[in-house]
Amino acid sequence: MSRKRSFYNIYRKLMSAYGPQGWWPVSTVKMTAGDTLLLRDGYHPRNYTLPESDEQRFEICLGAILVQNTNWLNVPPALKALRQKGLFLPDKLAEAENQQIALAIKRCGYYNQKARYLKHIAKFFRLHPFSELEQEPLDEIRNKLLKIKGIGPETADCILLYAFKKCSFVIDAYTVRIFSHLGLIDSAVSYHELKGLIESELKPELEVYQEYHALLVCHGKLHYRRKPYGSGDQLLLP
DNA sequence: CGCCAGGGCCTCA
DNA sequence: TGAGGCCATGGC
């Protein structure tokens, strides 16, 4: 395999083209400018200390479910609606009526399914606090997450990478499209296989893992929509 | 308008 | 174990 097509090389090209993406977006980012405390929504470029609270970690988990096969723009309003209904704590969400949750998250689509999924994850975190889970090895957390209905490989890896800050590479549809279109992989590659291939090259650096996935989504949105692919490969090819 | 979105579960070969 | 159907609203 050409050295210039290594995953690191593509990462560098994406980063120089788009800059840091600041994933995962959380709704209340505290930033200090001099003496004043700024609260702003959304992204947090170059701030890799987040999440800083259990609520922010929980928010990332909820967002990871809500964004499944859905435009991210629908997620913050849904999270806000859940918050306004007082459902932003695992204890509350776990006991809420499905219909009440569904109403709050309606705009994200698949709302009946996702309402159930959110309750599952709420019950999980009620049982296993973050502070306990994060002590466990990555693979043990991952296996526990994968047992929850509604959490598949990608969602589990998003939660691991952005909520638990564990170096678990996230594979999504854009990742497969981009790397297969560039000739690095076969488009029929399995999730597990591609994840292993990428992780075997990348050193376990949190910022790289976090930004790489975000950059692939950024680039994918611009050039790798379902059909037909644009000419985004010109940016990445040697 | 029609296509698509930062998937995952279930079923059936 | 993999392909296919299903879930569903909102953005552009």
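In what follows, every chain begins at residue 1, and chains take the letters A, B, ... in the order their sequences are listed.
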(request) Indicate the ring-plane relationship of Tyr162(A) and His213(A), choosing parallel, tilted or perpendicular according to the 30° and 60° boundaries. (result) tilted
(request) May I ask which nucleotide in the shown strands pairs with dT11(B), Watson-Crick or G-U wobble, both distances under 3.5 Å? (result) dA3(C)
(message) Taking pairing as Watson-Crick or G-U wobble with both contacts under 3.5 Å, can you name the mate of dG10(C), or confirm there isn't one?
(response) dC4(B)
Any salt bridge between [X] and [Y], counting N to O under 4.0 Å?
{"X": "Glu59(A)", "Y": "Arg83(A)", "result": "yes"}
{"X": "Lys166(A)", "Y": "Glu136(A)", "result": "no"}
{"X": "Asp54(A)", "Y": "Arg57(A)", "result": "yes"}

(message) dC3(B), OP1 or OP2 - any side-chain N/O from Arg225(A) closer than 4.0 Å?
(response) no
(request) With heavy atoms under 4.0 Å as the rule, sort Asp172(A) into base, sugar-phosphate or nothing. (result) sugar-phosphate
Between [X] ([atom1]) and [N] ([atom2]), how many Å, whole number?
{"X": "Asn71(A)", "N": "dC3(B)", "atom1": "CG", "atom2": "C1'", "result": "13 Å"}
{"X": "Lys221(A)", "N": "dC3(B)", "atom1": "NZ", "atom2": "P", "result": "21 Å"}
{"X": "Ile65(A)", "N": "dA5(B)", "atom1": "CD1", "atom2": "C1'", "result": "16 Å"}
{"X": "Tyr111(A)", "N": "dA5(B)", "atom1": "OH", "atom2": "P", "result": "21 Å"}

(request) Step through it carefully: locate the ring centre of Tyr174(A), locate the ring centre of His219(A), and say whether they are under 6.0 Å apart. (result) no
(request) Using the heavy-atom set of chain A and a strict 4.0 Å cut-off, write down the first and last nucleotide of DNA chain C that makes it in, 5' to 3'. (result) dC7(C) to dC12(C)
(message) Exactly one of Tyr18(A), Trp23(A), Tyr48(A), Tyr11(A) should register a side-chain hydrogen bond (donor to acceptor under 3.5 Å, both in side chains) with Glu211(A). Which one does?
(response) Tyr48(A)
(message) For the P atoms, the ones on dG10(C) and on dG8(B), what distance do you get once it is rounded to whole angstrom?
(response) 22 Å
(message) I'd like to know whether Leu79(A) forms a side chain to side chain contact (heavy atoms under 4.5 Å, CB included) with Phe88(A), so could you lay out the CA-CA distance, the side-chain angles of the two residues, the decisive distance to 0.1 Å, and finally the verdict.
(response) CA-CA 8 Å; Leu79(A) 290 172; Phe88(A) 223 76; 4.1 Å; yes
(message) Counting only heavy atoms from other residues, nucleotides and ligands, does the tally under 6.0 Å from CD of Gln99(A) exceed 12?
(response) no
(message) Taking the nucleotide of DNA chain C with the nearest heavy atom to each, does Arg107(A) or Asn69(A) sit closer to the 5' end?
(response) Asn69(A)
(request) Going 5' to 3' through nucleotides 8-13 of chain B, assign each nucleotide B (protein heavy atom under 4.0 Å from a base atom), S (under 4.0 Å only from sugar-phosphate atoms) or - (no protein heavy atom that close). (result) BSS---
(request) Could you check Tyr224(A), Phe169(A), Phe7(A) and say which one makes a ring pair (Phe, Tyr, Trp, His ring centres under 6.0 Å) with Phe179(A)? (result) Phe7(A)
